[in-house]
Amino acid sequence: MKYDPQIIEARWQAYWAKHGTFNVEDNPSQPKYYCLEMFPYPSGRIHMGHVRNYTIGDVLARFHRMNGFNVLHPMGWDAFGLPAENTAIEQNIHPVEWTQTNITSMRTQLKRIGLSYDWTREIATCNPSYYKWNQWIFLKMYQRGLAYKKRSPVNWCESCKTVLANEQVINNLCWRCSSEVFPKELDQWFFKITAYAEELLSSCDSLTGWPQRVLAMQRHWIGKSEGIEVDFKVVDASPNLQPIRIFTTRPDTIFGATFISVAPESPLVDLLIKGKNNEQEIREFVTRISRQDRSTRTETSSEKEGLFTGCYAKNPLTGDAIPIWIANFVLYEYGTGAIMAVPAHDQRDFEFAQQYKLPIRLVIQNPSGTLDPDNLTEAYTQEEGYLVNSNNFSTLPVKEGKSRITRWIEEKEHGTKIIHYRLRDWGVSRQRYWGTPIPMIICKNCGLLPVPEQDLPVVLPLDVPFTGKGGSPLEDIAEFSHITCPNCGNQATRESDTMDTFVDSSWYFLRYTSPHQQDLPVNPTASDRWMAVDQYIGGIEHAVLHLLYARFFTKVLRDLGLITVSEPFANLLTQGMVCKETYHCPKHGFILPSDATDTHHCTHCASTVSVGRIEKMSKSKKNIIDPEALISRYGADTARLFSLFAAPPEKDLEWSDDGVEGAARFLNRVWRLVSEYSEVLKSLDPNFVQDMVNEMPQASRNLRRQVHHRICKVTQDIKREFQFNTAISAIMELVNILYAFGFPITTTIKKNSKTLGVMKEAINALIMLLSPFTPHIAEEMWAALGNDSHVLHSSWPQYDPTLLQEEPLTIILQVNGKTRGKLEGISHDWTKEQVVEKARKEPKMDSWLQGKTTRKVIYVEHRLVNFVI
RNA sequence: GCGAGAGUGGCGGAAUAGGCAGACGCGCAAGAUUUAGGAUCUUGUGGGGAACCGUGAGGGUUCGAGUCCCUCCUCUCGCACCA
């Protein structure tokens, strides 16, 4: 019978669905394994990146099930977000309807891949039963001062008509739509993630199962820097003018501060220049700089620009009056928005000083003493050397100078030690409809009030006009907006902002452990049982955003007493992107691969198509392969096999149509082999082979050894580093071996029950090894062999170590490290003397060794003999 | 500039712990089968006539280096005037 994946896969998928095969029952006698892939946004269609991501997870889930783990493997929908709302505006389809339709079709697509999810735990974040708990968590955070509202400049994306968190602004562009982001002043809700900055940073060390680069990105994002804040008094200031506070990590260089630079946006500017005769000029400068887009302004190479304010400040260490400048490169958002400028020891200050002819004062001499204070060509920024020009601190090494000056500053109350973080609070307000309503009430009498817990959820109203004019659509819905104040009973209004959708994904992994819990977001017992996630799998693009927020929420919920874990994800695998070359038609622009002929002509206009470089599959470049088309042509097993075999999971995968053909060919090859043997093996007792290990012919014995060798290899490759590609190649080797041994089947084999016994063991092992990767064909072949049970309920095959010990060894013979021959068929128990003796007698070695004195013999057990002559 | 990673056949990629470089697959070639094609099966396939040479380049350590150390080059990703 021909291998027909469509029929086979439909059969098993129906079976799994009918029997709820993958529904998890908590079984405390088994060790738990929580396997989680990042849930998708329901855009409508699965793409190849999803297939790869979920297949990796599915292999791990199935592998652990067969290895006796109680496996939790859930799936759900990150269902709030802008695309739904934009579709509503453009096509007049309600986000609820659009989202539900998309979920339905994507669920079907996922099921078509044969993924082993417990669908009874499915969640969609847009359901009130889910987002109610976003609101509940918000209220708890509000109570604890972890959620607060403040007016602040925010990142505004004009195209998305909403605010973005700092993490969501990439190179001054919106992370989603890549249009430019502008600053805007708005009242905003924030989560106080900075309260957890230190823990988020320090517990990075405990995340040993995370890729180093993700941890590096997290650490950098948090950006801890230890330093000191120092006040510089303004000379001749009006009494209400506060000193200028600066932040520095180099107190050892304060003696070298020859001017002050203030950020153009700083409110200080206004106070300093008021009434000055060049006030107008400065204002124009400030306006011009703040209009510049940030990406050009914050380039290291961009020109240093500044203006003198006309004011002076007193350097607390030198007592000198130093000029106060406004400088384009000083960031208002970082530190105090003002810096002391030490041109001798900071490259930016150096360039600035050169440009405006400001004094440069060397205060750190390098260890060899070669720095010439009058002829510096660049700043000396290393923290090695000793202090000079620093009064009684001179001659101190940098490190000591730092601590002594810090102490002096603190004693004289000029400043205090402080730790600064780059991380800032998470702005969660969004002026959009399709998200979780923030459960707050604004009352003219009582001010800001939380919605009483018993009134949750605050449900999103469905009858809303989608105009796309900007601003929050909820604001205009009287039935939603108008409310009686729970405190004073007067008319009040609801908060019309909704939450950033990253809130939804910050705790969904907890909800999966008890998705139907009524009174709490998560059942503490369930979360104790299942958390932390043993393996989390997703794209590197979430290295900062989602993963940082999820870690933050986990710590908050722990401190609320709801859960006991401190970190949500014990192990993280960031899979590579799926890539393919692009096709470009001179008339039609980028075209789909299927619209280019084999000879590179456009199917629409017959123009010659140019083939572009290999890059990430994307809609805009149209270099995409539709999983559904792929599966309907080759079946899910082939799609799975190829995406696992073509590259190791963490590396980018280069799509290859020929490679897919190869995967399909391999499954056909397996199918033919098993079909050839299924009838004769059906009646054979599977334990038969165990009884006659010692009396089997050499060839069968060798075969057994090969089989067990591959079981060992596949098992280790999956466990160690998720080397699915090499695991699959070991299975391919096994198939090649079985073909060489007995395909097609001969009458000799048919008549020899011992050989058949070995073959049955081999084919059983083959099917089981294959089953996590290509589950449908595995089940089908398993059944064809007459098994009543299912592969997925079988135990993962065990290898017999004594068999591996029996494997005849090949010893490499070297002379001076160069391979000159080999000894075959050496057994494991040979001693060094025996092996060397035999090596000397090897005819091939004669010409190399004859007449030479062997100075040394290197023997590596089971591997090689090296004669040093 | 800083941080992380990577450079191996025509291609995707293998190579525990420093020990046969190129597993497995693709592609290609030859043969078998077939009316033919496709499919399938078998064999071969780093370079070189050879001795030999070959893992981005150059040094080093070692009996022995794709693997370890140093210098450099190229590429990818992330961050970037962070005081």
Side-chain angles (χ1 to χ4, degrees), chain A residues 2 170-171 211-217 219-221 223-225 227 246-250 253 257 261 263 295 297-302 304 327-331 333-342 345-349 351-352 420-422 540-541 543-544 576-577 641-642 645-648 650-663 665-666 668-669 672 713 716-717 720-721 723 725-736 739-740 743-744 810-822 855-869:
Chain A
K2 211 174 138 266
I170 321 275
N171 290 332
Q212 278 305 315
R213 61 176 182 146
V214 174
L215 291 174
M217 285 161 82
R219 288 191 182 105
H220 177 259
W221 188 261
K224 179 178 183 174
S225 77
I246 61 96
F247 173 68
T248 180
T249 55
R250 294 294 304 274
T253 64
S261 301
S295 49
R297 190 175 146 192
T298 58
E299 242 169 68
T300 319
S301 55
S302 86
K304 304 279 176 288
N328 65 340
F329 66 90
V330 178
L331 304 173
E333 314 85 69
Y334 187 80
T336 59
I339 61 166
M340 64 167 193
V342 185
H345 305 291
D346 183 289
Q347 189 57 28
R348 298 154 295 176
D349 296 342
E351 286 165 26
F352 194 87
H420 254 287
Y421 296 93
R422 212 178 79 108
I540 186 73
E541 64 273 20
V544 177
M577 298 179 297
L641 189 71
F642 173 73
F645 178 65
E650 70 283 0
K651 284 183 69 177
D652 285 352
L653 184 156
E654 196 177 306
W655 195 264
S656 148
D657 294 332
D658 287 334
V660 176
E661 288 279 356
R665 197 148 54 212
F666 169 72
N668 271 294
R669 196 166 147 84
R672 279 192 300 275
K713 168 84 175 143
Q716 279 176 4
D717 282 353
R720 177 179 64 95
E721 307 296 322
Q723 303 247 12
N725 55 333
T726 52
I728 290 168
S729 71
I731 299 174
M732 288 172 167
E733 283 175 344
L734 178 56
V735 172
N736 291 345
Y739 262 77
F743 188 90
T810 301
I811 304 286
I812 301 308
L813 304 181
Q814 295 185 333
V815 177
N816 286 346
K818 288 198 196 283
T819 305
R820 299 302 184 191
K822 54 178 91 169
R855 290 193 296 145
K856 204 165 154 191
V857 178
I858 311 274
Y859 174 68
V860 181
E861 200 184 24
H862 300 162
R863 282 185 187 276
L864 67 75
V865 179
N866 183 15
F867 296 98
V868 186
I869 58 173

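Because only heavy atoms are used, hydrogens play no part in the values below, and waters and symmetry mates are left out as well, while side chains stay in. In the text below, chain A, chain B and the rest are named by the order of the sequence lines, each starting its count at 1.
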- [ ] Mind checking the CG-NZ spacing from L864(A) to K822(A)? Nearest 0.5 Å is all I need.
- [x] 12.5 Å
Open item on the list: Distance check, rounded to the nearest 0.5 Å: R665(A) atom CZ versus D658(A) atom CG?
Closed with: 8.0 Å
Whole-Å [atom1] distance, [N] and [M]:
N	M	atom1	result
rG7(B)	rU55(B)	C1'	9 Å
rG66(B)	rG22(B)	P	12 Å
rG9(B)	rC53(B)	C1'	14 Å
rA15(B)	rA65(B)	C1'	13 Å
rC73(B)	rG46(B)	C1'	24 Å
rC75(B)	rG56(B)	C1'	10 Å
rC24(B)	rC72(B)	P	40 Å
rA14(B)	rG78(B)	C1'	28 Å

Using whole Å, what does the distance between atom [atom2] of nucleotide [N] and atom [atom1] of [X] come to?
X	N	atom1	atom2	result
E654(A)	rG13(B)	CD	P	6 Å
D657(A)	rC11(B)	CG	P	19 Å
I540(A)	rG3(B)	CD1	P	18 Å
K713(A)	rU16(B)	NZ	P	8 Å
K818(A)	rA51(B)	NZ	P	13 Å
D652(A)	rG7(B)	CG	P	13 Å
L813(A)	rG64(B)	CG	P	17 Å
L653(A)	rC26(B)	CG	P	16 Å

[N] pairs with, by Watson-Crick or G-U criteria that keep both distances under 3.5 Å:
N	result
rU34(B)	none
rG25(B)	rC11(B)
rU55(B)	none
rA80(B)	none
rA6(B)	rU74(B)
rA39(B)	none
rG49(B)	none

The side chain of [X] is closest to which nucleotide in this list: [options]?
X	options	value
I812(A)	rG25(B), rG19(B), rC20(B)	rC20(B)
F645(A)	rG19(B), rC81(B), rG12(B)	rG12(B)
N725(A)	rA15(B), rG13(B), rC52(B)	rG13(B)
P648(A)	rG13(B), rC24(B), rA83(B)	rG13(B)
Q814(A)	rG19(B), rG78(B), rC52(B)	rG19(B)
T726(A)	rC24(B), rA14(B), rA83(B)	rA14(B)

- [ ] With side chain to side chain contact (heavy atoms under 4.5 Å, CB included) as the test, would you mind laying out the steps for F645(A) and M732(A) before giving the verdict?
- [x] CA-CA 11 Å; F645(A) 178 65; M732(A) 288 172 167; 3.9 Å; yes
- [ ] Select from T249(A) and T819(A) the residue whose nearest nucleotide in RNA chain B is closer to the 5' end of that strand.
- [x] T819(A)
Open item on the list: Both Q723(A) and F743(A) contact RNA chain B. Which one's nearest nucleotide lies toward the 5' end?
Closed with: Q723(A)
Has [X] got a side-chain N or O lying under 4.0 Å from the OP1 or OP2 atom of [N]?
X	N	value
R669(A)	rU42(B)	yes
R348(A)	rC82(B)	yes
R422(A)	rA80(B)	yes
R863(A)	rA17(B)	no

Task: Step-by-step side chain to side chain contact (heavy atoms under 4.5 Å, CB included) determination, T253(A) to M340(A) - done: CA-CA 10 Å; T253(A) 64; M340(A) 64 167 193; 3.6 Å; yes
Task: Shortest non-hydrogen contact from S261(A) toward V330(A) - done: CB-CG2, 3.7 Å
Select base, sugar-phosphate, or nothing to describe what [X] touches, counting heavy atoms under 4.0 Å on all strands.
X	answer
F666(A)	nothing
R665(A)	sugar-phosphate
G662(A)	sugar-phosphate
N736(A)	sugar-phosphate
K856(A)	sugar-phosphate
S656(A)	nothing

Task: W655(A) and F642(A) aromatic ring geometry - parallel, tilted or perpendicular at 30°/60° bounds - done: perpendicular
TODO: Identify whether the glycosidic angle of rG60(B) places it syn (within 90° of 0) or anti.
DONE: anti
Task: Pi-cation contact, Y739(A) with R669(A) (under 6.0 Å, within 45°) - done: yes
TODO: Check if the side chain of D658(A) and the base of rC26(B) share a donor-acceptor pair of N or O atoms closer than 3.5 Å.
DONE: no
Task: Side-chain-base donor-acceptor pair under 3.5 Å for Q212(A) and rG5(B) - done: no
- [ ] Inspect the surroundings of CZ in R213(A) and state if more than 12 heavy atoms from other residues, nucleotides or ligands are less than 6.0 Å away.
- [x] no
